[in-house]
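Single-structure report; data block below.
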Amino acid sequence: MDFNLTQEQSLIQKTTREFAEKELVPIAAKLDHDGVFPREIVDKLAELGLLGVAVPEQYGGAGMDNVCYALAMEEISRGCASTGVIMSVNNSLVCDPLLKYGTEEQKKKWLVPLAQGKILGCFGLTEPNAGSDAASQKTTAVRDGSQWVINGAKNFITNGPQSSVCIVFAMTEPEKGNHGISAFIVPADTRGYAVTRVEDKMGIKASGACSLAFEDVHIPAENLLGTYNKGFGVAMSTLDGGRIGIASQALGIARAAYEKALKYSHDRTSFGKPINQHQAIAFMLADMATELDAARLLIWKAATMKDKGVRHSMESSMAKLYASEMADRVCNKAIQIHGGYGYIKEYQVERHWRDARITELYEGTSEIQRLVISRSLLKD
Ligand code: CAA
């Protein structure tokens, strides 16, 4: 077993760490305060190839592996969690299924500009009554000659307000349940496609999340993504990759909080010595550092399996479950180490805690991760 990064992995880690330190850390608190989508930052991500990290160069991507993607996600999210999720959705939930299931035509038309960051995309799975129970879709797609007609609604769609295209899951044969769902590439400028509500969130406030409505949205027949009625598998295998991205986001957020707590513990004195000389604080730091590393190893394992083309549903769920719950614990401890100052916005650890919370919810709640893991354990 070799825990050393390759030259390419070290390089992307270094590049994204420097980028985050220079471009994201100084503005992250303001982005959180203003809740404004960071358009210029997203353009810079595009220049660095960070909107299609694991997409081959021939399709406009950076042509790197999924460990590189996880490393980049950790660093970007350490700098700004909102930027992290914007990047993660475009990479994992949009580029990845287009790469895996798209036809050559679809790749040329959609994957290339998405991976280059010329446009952004979103993932339309969640509905008002289909969150954890993703198979109970109400959105329908009906064939009409050479077109599909989509009707329905989606909600909590990250990147939705800024996206030019959405991967939409819809019932093509409702009576067949999860065997009657198909995936579609739906351009946002199609008549009948509307952003109906933009959410005001607790954290990751500079990323957009919205509801979408589809009213007689006509798209060409060739916009079916993957095989007819096999859309549920497209959604699930896409989320296997997405959960690596969100686990890495959680890790980056937790590391930001840990690093601030570590520094504060040197600077702050009580009872005549730096607070990290008190065992109560030193042991908290020890637990935080251990948990960060444990999460990182789970993420690297899942990403390595994805790179090898091995099924990694359970490993991705383990990585996301552990990293997201770890981030909550680590951010909470970082506030505790800061004492009363931790509750004050200026010290920023409260932001990390708010940003971390969503990682236990989106791309499958912790309960869904436990379901995936336990089903996988029990099926053998
Ligand atoms: N890869 C490929 N196929 C898979 C799969 C996977 N990882 N997981 C399941 N499948 C297949 C199964 O093999 C099965 O096929 P057969 O019926 O042919 O045997 C079929 O899919 C149904 O599987 P299940 O019986 O396990 O389905 P289920 O209805 O019990 O649901 C679930 C499983 C795990 C609960 C699933 O519904 C789930 O993951 N729910 C959470 C949804 C989620 O994560 N939503 C996040 C939305 S996206 C988001 O948050 C983005 C954002 O904005 C940031």
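As the structure lists them, so they are numbered: ligands from 1, and atoms in each ligand from 1. Only heavy atoms go into these numbers, but all of them, side chains included; no hydrogens, no water, no symmetry mates.
Taking a cutoff of 4.0 Å between a charged side-chain nitrogen and a carboxylate oxygen, Lys205 and Asp200 qualify as a salt bridge.
Shown in contact with Leu239 at under 4.0 Å from a heavy atom are these atoms of ligand 1, numbered in order with element: 43 (C), 44 (O). Against a heavy-atom cut-off of under 4.0 Å, Leu371 is close to the following atoms of ligand 1: 35 (C). Interface atoms of ligand 1 facing Asn178, defined by a heavy-atom separation under 4.0 Å, are 17 (O), 22 (C).
Under 4.0 angstrom from ligand 1, there are no non-hydrogen atoms of Thr365. The part of Arg243 lying near ligand 1 is the side chain, judged by heavy-atom distances below 4.0 Å. The part of Phe123 lying near ligand 1 is the side chain, judged by heavy-atom distances below 4.0 Å.
Applying side-chain contact (heavy atoms from CB on, under 4.5 Å) to Asn91 and the options Asn66, Leu114, Val53 leaves one that passes, Val53.
If you check which protein heavy atom lies closest to atom 42 (C) of ligand 1, you get Gly131 O, 3.7 Å.
Within 4.0 Å of atom 44 (O) of ligand 1, at least one protein heavy atom is present.
Inter-residue side-chain proximity for Ile119 and Trp110 is flagged as met; some heavy-atom pair is nearer than 4.5 Å.
Below 30°, between 30° and 60°, or above 60°: for His338 and Tyr264 the angle between ring planes is below 30°, a parallel geometry.
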